[in-house]
Amino acid sequence: MTTTSEDPQSQAVPATPVERIRGALSADVVKATAEKHGVCTRPFTMEVGDTETGEVRYVPVPCGSTVESVCLPCARKAKALRQAQCREGWHLTEEPVITREKPSETQTELLTYRADLAAHYRDVMAAGDEAEAEELRAEVAGVDAELRASGMTGRLPALDVPERKAVKRSTRRRQDAPNLPRRKVAKTTVGREFAGKFRPSMFVTLTCDTYGRVRPDGSPVDPASYDYRRAARDAVHFAALVDRWWQNLRRVVGWDVQYFATVEPQRRAAPHLHTALRGAISHETIRLVTEATYHQVWWPAHDELVYTDRNPLWDPDSRSFVDPETREPLTAWDDAVAAVEEPAHVVRFGTQVHSKGILGGTEEAGRHIGYLTKYLTKSTGEVVDADTAGQRDHHDMLHAHLAVTPCSPRCAVWLLYGINPKGANGKTVPGHCKGRAHRRSTLGLPGRRVLVSRKWSGKTVADHKADRRGFVLSALAAVGISKPEPAPDRFVWRKVEPGDTHCPPRDQLVMRAISERIAWQAEYSRAMLAAAGPPVQFTSATSSLAA
């Protein structure tokens, strides 16, 4: 019997993690295919009944999300509509015409019913029946929703009549702000034309004031001296400051300036405004208006917290929050505002102002439209994401100040300062407000990412969407492909309830939508090829071309 030495390569080696490549999940494949063909990846299902044939089918309705991380196809469609809206309104040569529909019979009937509910609500409140009053509020809210769904716009009078008139504040300008020339604002919105062919418009960038020196990543050099309180309050009231800037600009130039603007966060997490303005405005005028614009916050002082380790309690008898020890009611909001003699805060823009003239139809105009809509498909939390430890600490500190900064007269944070906010009830939790200003993911940024004036393009986003649809239908009709549209009242739509056994799975509906989208795209491609005409044959036998 002979023995052989073992091969060194055959000796056992320490176990290492084994990389295993597994097949893609079917759900991921469906999602990737839907994104490739522009189909919504997370639709909600509606049951559609045909009143003529009796057929019942299930239809996937796009979610309509504007965030790519939620639904990439829907977000890109929304961005494309906003880009079309910005492009169409920026360099208009004619005044947009906005017509209003006449009130329908359904709207007048709903408003009559609302008036009866409001009269009954006043009687119930006089009798002190809070339970029935709450039911009436819910019923009125439902009627208001039906009115808005019918196409009505504007505000309706509130059910609760204010007990006292609002306190009027002096409109006299502050002594520390320069005066502005004031002109009567004409109704025109189209900018001037120069040399008979040039009609430039403006692109303006505005920023908040400085709160202390910051590093390249936006974190403060000295966090102890950084003015976090002013930064938090400026972020909360930034939207009001922007509204005041547009008002002042119109009064100075003397015509109804239209705008398309987006709000983005800077590296230091302060709000940052980019706006396209229709018409040519001098850089000096923009600088002067920015320097002279401010917004005064006539709210009660909220510098020192009254309740830190204990919270006020709700007293159902007085229908007010009371002190947990003395049981005395807290100061009512109207009383606290009436006692205000100086504004609690004054918001101003920073000294950095950038303005530039842009000609329509140029490559530069297209580049700036892309810049305006750059972050529209990202959530606020994705834009203000912190990459360094300094940024995270900076965001934590800013969020801590935003958590104790009231965002509106109804904010529950007012209770920490010993003031009963508007609309407080037994469900209000002191110091806990659901407003966007207090969220860690938004850091006080305004809720609306796009700000568009009413006469920008004369159309809403739905109108621009209808224009795109009309263009496609006309292109298909030109090559003999008709898409008949049945009457809307022929169908009855109902949201599918959870657990409906007849409803097909979502992936099945998405795959059906993919198939329909491929067929539509083929029809549209055929229509575009037909519109382009047959290709021209360049040969030596073509005498006309040779000549």
Side-chain angles (χ1 to χ4, degrees), residues 79-100 153-154 180-194 198-206 238-264 272-290 292-293 349 353-362 364-374 376 446 448-467:
K79 181 179 179 179
L81 287 175
R82 286 298 189 182
Q83 288 177 331
Q85 185 182 35
C86 182
R87 184 181 301 106
E88 187 170 333
W90 200 358
H91 297 86
L92 276 182
T93 58
E94 297 180 359
E95 294 290 341
V97 179
I98 301 176
T99 57
R100 296 287 183 182
T153 60
L180 284 172
R182 184 167 182 171
R183 301 177 184 176
K184 184 178 179 180
V185 180
K187 294 183 179 181
T188 178
T189 66
V190 177
R192 290 176 52 195
E193 187 178 58
F194 298 90
F198 298 109
R199 197 185 295 271
S201 291
M202 306 300 297
F203 182 85
V204 180
T205 300
L206 303 176
F238 184 75
L241 178 66
V242 172
D243 288 340
R244 186 59 55 87
W245 186 80
W246 280 318
Q247 294 173 10
N248 290 341
L249 184 64
R250 289 167 175 167
R251 292 171 180 172
V252 171
V253 300
W255 44 281
D256 193 3
V257 181
Q258 299 299 298
Y259 57 84
F260 181 100
T262 58
V263 180
E264 301 170 2
H272 190 59
L273 180 78
H274 299 293
T275 178
L277 303 175
R278 187 189 305 153
I281 305 173
S282 69
H283 304 293
E284 181 62 24
T285 299
I286 293 176
R287 185 199 61 79
L288 176 63
V289 171
T290 305
T293 297
F349 286 110
V353 181
H354 178 267
S355 58
K356 188 176 185 180
I358 306 291
L359 289 175
T362 61
E364 187 177 24
R367 185 169 62 252
H368 281 78
I369 291 174
Y371 189 69
L372 277 168
T373 57
K374 179 179 179 181
L376 292 187
R448 291 183 301 163
R449 300 292 301 280
V450 181
L451 310 174
V452 187
S453 55
R454 294 181 180 178
K455 298 180 181 179
W456 175 254
S457 63
K459 303 175 184 178
T460 62
V461 175
D463 294 333
H464 287 284
K465 186 176 181 179
D467 289 346

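By the 30° and 60° cut-offs, the orientation of the rings of Phe203 relative to His274 is parallel.
In this structure the side chain of Tyr259 never reaches within 4.5 angstrom of the side chain of Leu249, judged on heavy atoms. Counting only heavy atoms from C-beta outward, the side chains of Leu180 and Leu288 approach each other to under 4.5 Å. Contact annotation: the side chain of Thr93 never approaches that of Glu193 to less than 4.5 Å [non-hydrogen atoms, C-beta and beyond]. Counting heavy atoms from C-beta outward, Thr262 and Lys374 have side chains that stay 4.5 Å or more apart.
A distance of 9.5 Å separates CD in Glu284 from OG in Ser355, rounded to the nearest 0.5 Å. A distance of 7.0 Å separates OG1 of Thr373 from CZ of Phe260, quoted to the nearest 0.5 Å. Rounding to the nearest 0.5 Å gives a distance of 3.5 Å between CG of Leu241 and CZ of Phe349. Within the model, atoms CZ of Arg182 and CZ of Arg251 stand 4.0 Å from one another, a figure rounded to the nearest 0.5 Å. Taking CZ from Arg192 and CD1 from Ile281, the interatomic distance works out to 12.0 Å, rounded to the nearest 0.5 Å. A distance of 11.0 Å separates CG in Leu81 from CG in Asp463, rounded to the nearest 0.5 Å.
The side chain to side chain donor-acceptor pair (under 3.5 Å) test applied to Thr290 returns Trp245, not counting sequence neighbours. In this structure, the side chain to side chain donor-acceptor pair (under 3.5 Å) partners of Lys459, at least two apart in sequence or on a different chain, are Glu88, Asp467. The side-chain contact (heavy atoms from CB on, under 4.5 Å) test applied to Lys455 returns Pro96, Ile98, Thr189, Asp256, Gln258, not counting sequence neighbours. Residues that satisfy the side chain to side chain donor-acceptor pair (under 3.5 Å) test with Arg367, not counting sequence neighbours, are absent from this structure. Listed by chain and residue number, Trp246, Leu273, Thr275, Leu451 satisfy the side-chain contact (heavy atoms from CB on, under 4.5 Å) test with Ala261 (two or more places apart in sequence, or in another chain). With sequence neighbours excluded, no residue satisfies side chain to side chain donor-acceptor pair (under 3.5 Å) with Ser201.
Other residues, nucleotides and ligands place no more than 12 heavy atoms under 6.0 Å from the NZ atom of Lys465. Heavy-atom neighbours of Arg287 CZ from other residues, nucleotides or ligands within 6.0 Å: above the threshold of 12.
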Between Arg100 and Thr153, is the side chain to side chain contact (heavy atoms under 4.5 Å, CB included) condition met? List the steps. CA-CA 10 Å; Arg100 296 287 183 182; Thr153 60; 3.4 Å; yes

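Val252 approaches Pro181 most closely through the heavy-atom pair CG2-O, 3.4 Å. Between Gly361 and Ala365, the shortest heavy-atom distance links the atoms N-CB, 4.4 Å. The shortest non-hydrogen separation linking Gly191 to Arg199 is O-NH1, 2.6 Å. What you find for Arg250 and Ser453 is that their closest heavy atoms are NH2-CB, 4.1 Å. Heavy-atom minimum distance, His464 versus Ser457: NE2-OG, 3.0 Å.
Electrostatic pairing of Glu364 and Lys356 counts as a salt bridge here, judged by a charged N lying under 4.0 Å from a carboxylate O.
Listed for the Asp243 side chain is no donor-acceptor partner under 3.5 Å among the backbone atoms of Ala240. Side-chain N or O atoms of Glu95 include none that pairs as donor or acceptor with a backbone N or O of Thr188 at under 3.5 Å.
No option in Arg87, Arg82, Gln83 other than Arg82 meets the side chain to side chain donor-acceptor pair (under 3.5 Å) test with Gln85.
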